[in-house]
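Reading through the structure tokens given below for one structure.
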Protein chains: 2
Amino acid sequence: MRVHGGRLEALLRRVGRLPGESLARALERAIEVGQLAHLEQLETRILRDGTLATVYLGFARPGTELTGDWRVVGTRTPPEERELVGAAQARLRAKLSYTNLGFALAPEVFTISELRELYVAALGHDVSATNLQRVLLRRGALERVDGHRAPGRTGGRPAALFRFASQRLEVTDEFAALRPPR
Amino acid sequence: MRVHGGRLEALLRRVGRLPGESLARALERAIEVGQLAHLEQLETRILRDGTLATVYLGFARPGTELTGDWRVVGTRTPPEERELVGAAQARLRAKLSYTNLGFALAPEVFTISELRELYVAALGHDVSATNLQRVLLRRGALERVDGHRAPGRTGGRPAALFRFASQRLEVTDEFAALRPPR
DNA sequence: ACAGGTTTTCGTCCCATAGTCTAAAACCTC
DNA sequence: GAGGTTTTAGACTATGGGACGAAAACCTGT
């Protein structure tokens, strides 16, 4: 998945097992990370045609060129695959809230406003730039980067630049509920 | 997994694919729910011997008789399997906090003190009965049941009885972080 | 019967985190 | 320099959960 043109976009790609190929080799080929910023396994199920399918969810940052025969999920995507995409979206939305998964959607360096637009696209609802910055900074997920981005045509204060402190998935919240006593 | 004798206990069972058996049939046989209160898929990986393994995590409530050749995870469990069990425990602990997964560990009806002991065993740290009750009640996960449990030998106020409102996994918390604005 | 101990239950206070709102800062164009 | 725009910072509020203590309801022993 990626955020493209202000919208969350799902891309699908099927990788089959070649005749005579070992399972391990086929799996390696299937999950070839390449330009994906993050990859995780979803579920394994048996498709209607009887084949065993292991589904992976990956994220591409804006600007990365995707090699391979990807196709964008649209209205003509079969229901079975749309269902998988729905599960992937739900997973993404949940993890955005309590992990640093944003790094997989964002470019190397960005302003808070740009990050906010990514979150809006991914979550499907409005997000306050103020809160986003405060929450992510307090968790230590974001770091300041030297320099500012020049304002656009219409003016405005130059935006500070940030980056994600870690490029690997990290759960930032141990869930307040039922936390161990001090 | 189950809570047995005040401790969280992991049980393992391997189900292979029989010669000539279809994939779908083997899967059905493997995940035969039987007496399990809840079952979810974990990951699929290729084991060292080259076979493809799909790992499931299930929960048995206290008192249920388990049929099948289960074995308790102990010090002699091979490292590869212990690793899987560790992941399963982490998942359990996380989900106990933000879902109603407790229903899968608890009997049909219970007192708050009994539920607290289950949580202590599963989480590995102390839990306040007061807060546990308040949190689960506010979420609507628990319901009062008529009647009280008679005090034990040493006396004490009779404990009220509760049950889980739903017997299916429900995420009770939309994660405070980045919640949509009102 | 009553004193003392036990367990459960309820209420209050406190703290941490996140949402809301407003103002200030820093830039643009006209 | 006036007015508009975007970003940034601060104060206030709401919510959810942890800590603590007291009351309720029961037991046993004298």
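Residue numbers start from 1 in every chain, and the chains themselves are labelled A, B, ... in the order their sequence lines are given, proteins ahead of strands. Keep in mind the model is a prediction, meaning the values are calculated, not measured.
- Backbone-only contact: Arg153(B) has heavy atoms under 4.0 Å from sugar-phosphate atoms and none from a base.
- Taking all atoms of both residues into account, the shortest heavy-atom contact from Leu118(A) to Pro107(A) is CD1-CD, 4.1 Å.
- Picking from dA9(D), dT20(C), dT6(D) the nucleotide with the shortest atom distance to the side chain of Ser128(A) gives dT20(C).
- Regarding Leu161(A), its CG atom lies at a distance of 12 Å from the P atom of dT7(D), rounded to whole Å.
- In terms of phosphate contacts, Arg139(B) brings no side-chain nitrogen or oxygen within less than 4.0 Å of OP1 or OP2 of dG16(D).
- The side-chain heavy atoms of Leu132(A) and Tyr119(A), taken from C-beta on, include a pair separated by under 4.5 Å.
- At dT8(C), none of the side-chain N or O atoms of Gln133(B) fall inside 4.0 Å of OP1 or OP2 (strictly under the cut-off).
- Cation-pi geometry between Arg163(B) and Phe110(B) is not met at under 6.0 angstrom from the ring centre and within 45 degrees of the axis.
- In this structure, CZ of Arg116(A) is placed 14 Å from C1' of dT8(D), rounded to the nearest angstrom.
- Checking dG19(C), dT17(C), dA24(C) against the side-chain heavy atoms of Arg157(A) singles out dA24(C) as nearest.
- As judged by a 4.0 angstrom heavy-atom cut-off over every strand, Ala160(A) is placed among residues touching the sugar-phosphate backbone only.
- For Thr130(B) against dC10(C), a side-chain-to-base donor-acceptor contact under 3.5 Å is present.
- Between the Glu170(B) side chain and the Asn100(B) main chain, no donor and acceptor come within less than 3.5 Å of each other.
- The side chain of Ser113(B) places an N or O atom within less than 4.0 Å of a non-bridging phosphate oxygen (OP1 or OP2) of dT8(C).
- When rounded to the nearest whole Å, the span between CZ of Arg149(B) and C1' of dC26(D) equals 16 Å.
- Which of dT8(D), dT7(D), dT9(C) sits closest to the side chain of Ile112(A) comes down to dT8(D).
- Comparing Arg134(A) and Gly156(A) along DNA chain C, the residue whose closest nucleotide (by nearest heavy atom) sits nearer the 5' end is Arg134(A).
- Nearest to the side chain of Asn131(A), among dT20(C), dT6(D), dT7(D), sits dT20(C).
- Counting only heavy atoms from C-beta on, Val135(B) has its side chain closest to dG17(D) among dT9(C), dG17(D), dT20(C).
- Figure legend: cation-pi geometry between Arg2(B) and Phe59(B) absent, as NZ or CZ is not positioned both under 6.0 Å from the six-membered ring centre and within 45° of its axis.
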